[in-house]
There are 2 protein chains.
Amino acid sequence: MKKTPEDSKSESPNAPRTAGRHSRRSFLAATTVGAMLPGIVSAQAPHELGAPMRPYGARSPFEKAVVREKTMADELSTTGSSLAPLQDLYGTITPSSLHYVRIHSGVPAINPAKHELMIHGLVERPLMFNLSDLMRLPAVSRIQFLECSGNSQHEYLQQDSTTPQRAAGLVSCSEWSGVLLSTLLNEVGVKPEAQWVLAEGADASRLARSVPLEKAMDDVIVAYAQNGEAVRPEQGFPLRLVVPGWEGNISVKWLHRLELLDQPAMTRDEAAYYTDLLPDGKARHFAFVMEAKSLVTRPAGGQRLPTPGLYEITGLAWSGRARVTAVEVSVDGGHTWNKTALQQPNQLHSLVRFRMPWNWDGREAVIGSRCIDESGYIQPERAQLLAVRGRAAAHHYNGIVWWRLRPSGELVHA
Amino acid sequence: MKKTPEDSKSESPNAPRTAGRHSRRSFLAATTVGAMLPGIVSAQAPHELGAPMRPYGARSPFEKAVVREKTMADELSTTGSSLAPLQDLYGTITPSSLHYVRIHSGVPAINPAKHELMIHGLVERPLMFNLSDLMRLPAVSRIQFLECSGNSQHEYLQQDSTTPQRAAGLVSCSEWSGVLLSTLLNEVGVKPEAQWVLAEGADASRLARSVPLEKAMDDVIVAYAQNGEAVRPEQGFPLRLVVPGWEGNISVKWLHRLELLDQPAMTRDEAAYYTDLLPDGKARHFAFVMEAKSLVTRPAGGQRLPTPGLYEITGLAWSGRARVTAVEVSVDGGHTWNKTALQQPNQLHSLVRFRMPWNWDGREAVIGSRCIDESGYIQPERAQLLAVRGRAAAHHYNGIVWWRLRPSGELVHA
């Protein structure tokens, strides 16, 4: 609600004000009627001394409702996942405290002074690296998304994705810093017969995944920092493999061992789990790349628009395959599509924020977005995806998510 | 220290290992002698279930020494500043909890549901905006640095800058999200005679600064979010003006009032404070732009290199005037300069991370960096700066900072 701070004796706006408000430049025109103040108002502010500075700051207590939500978690919250509150995020960086979490045996408490990374197997010189070693090596920092391959999996069964958080909250984006894995592999000397790198985490479940050598030598990072400070415990402190554009599970947390192999290790996490049964009875595994996907986060399910008028439609898009080249938004359930503005710089493997101003006329609307990447891939409708993957699949869901805006202003999953 | 995890019966490396280690690709060659293990070692990891997920994550307890440091603060820590720990930061994003702070009357506890922004003065339609209004308007997100104009001020007197934090810790960088000020000014309709915008904060000291209209209509943001979540209380929750490239003080925190004026308001904070007495007796005020500056953060004062060998020289650079085009590093006190790699994308008004691998031969070295921007400006030596500004100045210090590396490995401010 917007109010005029100065005198307006009548409820009806005077001529020049009306003209100004309904000009092309006036975004809030439709929402201001009757919101003017009856008299002069001055800005309010406290006269008391505020709180002291802190050595390590915290967010406002008024923000405490903005939290991750658990899904599929055991009673102890040591196995399962928790979803980032996408509807409450701005820009492209996910605050580390709100980055989605997927854990299998709790968050280990690792003393970084005692943590070492062993690299062995089909190498010339097996070596151990501690944190100090790694920090001496040439480093990189890159803003990259991570998405759990199980993100949005309930959409296969058309279960309710009531909010953006529940629809697709297992995706987040950080500035990751560390050493390129290729730098370390050059140190140890990869033998010609090596084709895969097994990465193992130091959690109690020893989560382990096999990475093809070609990817390992390309853009994979052994990360010790996230968003400017040490990687957070829930994200793998003190070391995490970051495998850009690929399913989150392969970005092994609490990384302590890399073994060069001539074939994939076929670990539990790539053979029994993180695979999908296709309609023809075959299993789809090593489905590494997270394909183009997007989601409108505002206005979206669980929210309510107070009045007709101007809103910004905004959300997040990403693609593990190629740079996002466009995000289109529809407000009529996919009959027509509109171009959106993409936040710049739009980097490969980063979340991309899209925005489009929209004037809601008060009638029912069905709002959704689709992501298009440089490879030409277009985010599919749910039916298109299911035709290929079938209904037994539980991973790599990237269908379009629709929100129904009712004339009451209420928004629900469509 | 790096160790080989597998068998090596002798302390002297065998022939192929030595060859490999001293090849051009082996970065750690000089540091590994005598660090091999006498037998097979396997990676260690806990067998106990770890800690649960949390709704809002926290950093590792092992990181608790990484904190902001107060300087010039009153006993209550309600007036003064606190410095970001630059030597412990990675990449370009400053964690919001470690963003530098400068406050004049404590941190106000503002309820965002009651906070409003008044825009009045020389406007056609004075208006009040609450947070919900602002969030409906077209938004932008940009990664921008802020630097207090008093950053490094003790360098004018050559007082000790023992660490990067103390040398230049009043600079930080965030992804800021909000509405362009030009959008709001178009809403209220700026009268032709208006030339300045007074911005006032809702802290008890009512910090206020005058912004020229041209800048206000260009790239200034009324920000409600920082690094993906609400602006932190110490940074102005729930609203902060972000004036890219200009002295931090003008990016008014807890923003609650904007007044359009035909001349600057000459507030306390732009007349009595945040001005400098020049050698000719004149006062330098409205010195808005933060000029090109850089700092080596590792290896740097307060640190110790354990052995000769390879290190990455890294640090941060920025310029309020133009894009950073190059950062050069010298290890001989400025006799010769070397090119460095700049983290990409290198955006206007963002911190820029520079990196250069360097093989320390164990002899004394004097390490420093200089920033060059697209305008052709080169960060000056201290003597060059003092020749212009004199010794009574206390703001806008951007001279080169030198670190002396002693043969012992100790680093001190030079």
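Each chain gets a letter, A, B and so on, in the order the sequences are listed, and its residues count up from 1.
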Where does K64(A) contact chain B at under 4.5 Å (heavy atoms): side chain, backbone, both or neither? neither

Chain B contact via A139(A) - which portion, at a heavy-atom distance below 4.5 Å: both

If you tally heavy-atom pairs under 4.5 Å against chain B, which of F62(A), W254(A), Y224(A) wins? F62(A)

Run through P299(B), P306(B), P357(B) and flag the one making a side chain to side chain contact (heavy atoms under 4.5 Å, CB included) with R136(A). P306(B)

Counting only non-hydrogen atoms closer than 4.5 Å, does F237(A) touch chain B with its backbone (N, CA, C, O), its side chain (CB onward), both, or neither? side chain

Contacting moiety of V188(A), where chain B heavy atoms sit under 4.5 Å: neither

Heavy-atom distance under 4.5 Å between the side chains of E312(A) and L137(B), does that happen here? no

Greatest number of non-hydrogen atom pairs under 4.5 angstrom with chain B, of R54(A), R353(A), E48(A), falls to R54(A)

Contacting region of T92(A) [heavy-atom separation from chain B under 4.5 Å]: both

Checking L305(A) against chain B: side chain, backbone, both or neither under 4.5 Å from a heavy atom? neither

Under 4.5 Å, counting heavy-atom pairs only, tell me which of M356(A), R59(A), R232(A) racks up the most with chain B. R59(A)

Note: vs chain B, highest number of non-hydrogen pairs under 4.5 angstrom among K114(A), R298(A), Q347(A) is Q347(A)

What part of V66(A) gets closer than 4.5 Å to chain B, counting heavy atoms only: side chain, backbone, both or neither? backbone

Identify which part of Q344(A) has an atom lying under 4.5 Å from any heavy atom of chain B, answering side chain, backbone, both or neither. backbone

Chain B interface, residue from P345(A), A225(A), P108(A) that has the most non-hydrogen pairs under 4.5 Å: P345(A)

So for S177(A), is it side chain, backbone, both, or neither that comes closer than 4.5 Å to the heavy atoms of chain B? side chain

Of the backbone (N, CA, C, O) and the side chain (C-beta and beyond), which part of S105(A) lies under 4.5 Å from a heavy atom of chain B, both, or neither? both

Quick check: do M53(B) and R68(A) have side-chain heavy atoms less than 4.5 Å from each other? no

Scanning both residues in full, the closest heavy-atom pair of S141(A) with G91(B) reads OG-CA, 3.2 Å

How about I103(A) and P52(B): do any of their side-chain heavy atoms sit closer than 4.5 Å? no

At a 4.5 Å cut-off on heavy atoms, which part of N111(A) comes close to chain B: side chain, backbone, both, or neither? both

Among Q235(A), E229(A), R355(A), which has the most heavy-atom pairs under 4.5 Å with chain B? R355(A)

Looking only at T94(B), V107(B), T314(B), V67(B), most heavy-atom pairs under 4.5 Å shared with chain A are made by V107(B)

